[in-house]
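Read through the structure below, which is laid out as structure tokens, and then see the notes.
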Amino acid sequence: MSDRSKHVCPVKRAGSLDNRIRRWLQDPQKILGPYIDEGMTVLDVGCGPGFFSIAMAQLVGKSGRVIAADLQEGMLEKLSSKIRGTELEPRITLHKCPDGRVGVSDKVDFALAFYMIHEVPNQEKFFDEVRSMLKPGGLVLIVEPPFHVSKGAFEETIGEARDAGLTPVDRPRIFLSKAVLLRKVPAE
Ligand SMILES: C[S@@+](CC[C@H](N)C(=O)[O-])C[C@H]1O[C@@H](n2cnc3c(N)ncnc32)[C@H](O)[C@@H]1O
């Protein structure tokens, strides 16, 4: 087993990531509504069981698309079973990340990385890849858990993102979180 797999949130904890209490504390529509419009193509990287992917699919509407990406097949299966047969199913593309990469070739307007960056062993490579997937002027929202990611570690993450060409434009307040919104620069 690699070091990385030791630190990835296991599928057996998926239930703690999608429940009514979390929805109340971290309302996905309220958190993401300001950044997602109908018709957009958006990415939920490290989507887990899809707590945010589902809200993203509602926000992009019929004409939009969500790429829900995770390195664990088991997490994607959880999301798949939630959307099967619903109007959201055709809007969500499930993507199994290949080892060490996100591996999405589409260009996206917005990317979300919620509670996952601290599980990524090579953040420099990760942010280079995320930047390459964003459309000009595209946004990425990074949200990390407040307790096991220190202030210093979070600032280091922002530094890695800056070095990759992502500029911080806001520090949204999200309950139980450290968060930063970044824009792809130059917005060519
Ligand atoms: C703590 S869970 C958070 C899930 C979801 N974002 C949420 O907030 O409910 C972290 C997820 O990120 C995934 N993950 C970790 N590293 C990843 C990587 N390099 N690429 C894709 N997914 C990754 C894990 O498999 C896990 O499902």
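Numbers here simply count residues along the sequence, with the first being 1. Just so you know, these numbers come straight off a predicted model, no measurement behind them. In each ligand, atom 1 is the first atom listed, and ligand 1 is the first ligand listed.
Residues passing the side-chain hydrogen bond (donor to acceptor under 3.5 Å, both in side chains) test with T86: none are found, sequence neighbours excluded.
Between V169 and L139, the closest side-chain pair of non-hydrogen atoms falls below 4.5 Å. The shortest distance between side-chain heavy atoms of L176 and Y115 falls below 4.5 Å.
If you look at C47 next to ligand 1, the close heavy atoms, those under 4.0 Å, all belong to the backbone. At a heavy-atom cutoff of 4.0 Å, ligand 1 is contacted by both the backbone and the side chain of L71. Contacts between R22 and ligand 1, counted as non-hydrogen atom pairs separated by less than 4.0 Å, involve the side chain only.
For ligand 1 and C9, the ligand atoms under 4.0 Å from any heavy atom of the residue are 1 (C), 2 (S). For ligand 1, the atoms closer than 4.0 angstrom to any heavy atom of V8 are 24 (C), 25 (O). Against a heavy-atom cut-off of under 4.0 Å, M75 is close to the following atoms of ligand 1: 27 (O). Every atom of ligand 1 is numbered from 1 in the order shown, and the set under 4.0 Å from a heavy atom of G48 is 4 (C), 27 (O).
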Legend entry - Stepwise side-chain contact (heavy atoms from CB on, under 4.5 Å) check, M56 with L59: CA-CA 5 Å; M56 290 164 97; L59 288 164; 5.5 Å; no
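Expressed to the nearest 0.5 Å, how far OG of S80 lies from CD of E73 amounts to 9.5 Å.
Residue-environment remark: NZ (K78) stays at or below the threshold of 12 foreign heavy atoms within 6.0 Å. Heavy atoms of other residues, nucleotides or ligands lying less than 6.0 angstrom from CD of E124 number 12 at most.
Considering backbone and side-chain atoms alike, Y115 places every N or O at 3.5 Å or more from each N or O of ligand 1. Checked by distance only, ligand 1 and G46 come closer than 3.5 Å through their nitrogen or oxygen atoms. Any N or O atom pair closer than 3.5 Å counts here, and F52 shares no such pair with ligand 1.
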Solution key, residues 41-48 side-chain donor-acceptor pairs under 3.5 Å, sequence neighbours excluded:
residue: D44; atom: OD2; partner: S53; partner atom: N; Å: 3.2
residue: D44; atom: OD2; partner: S53; partner atom: OG; Å: 2.7

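Residue-ligand proximity: R101 is placed with every non-hydrogen atom at 4.0 Å or more from ligand 1. Under the 4.0 angstrom criterion for non-hydrogen atoms, V102 is not in contact with ligand 1.
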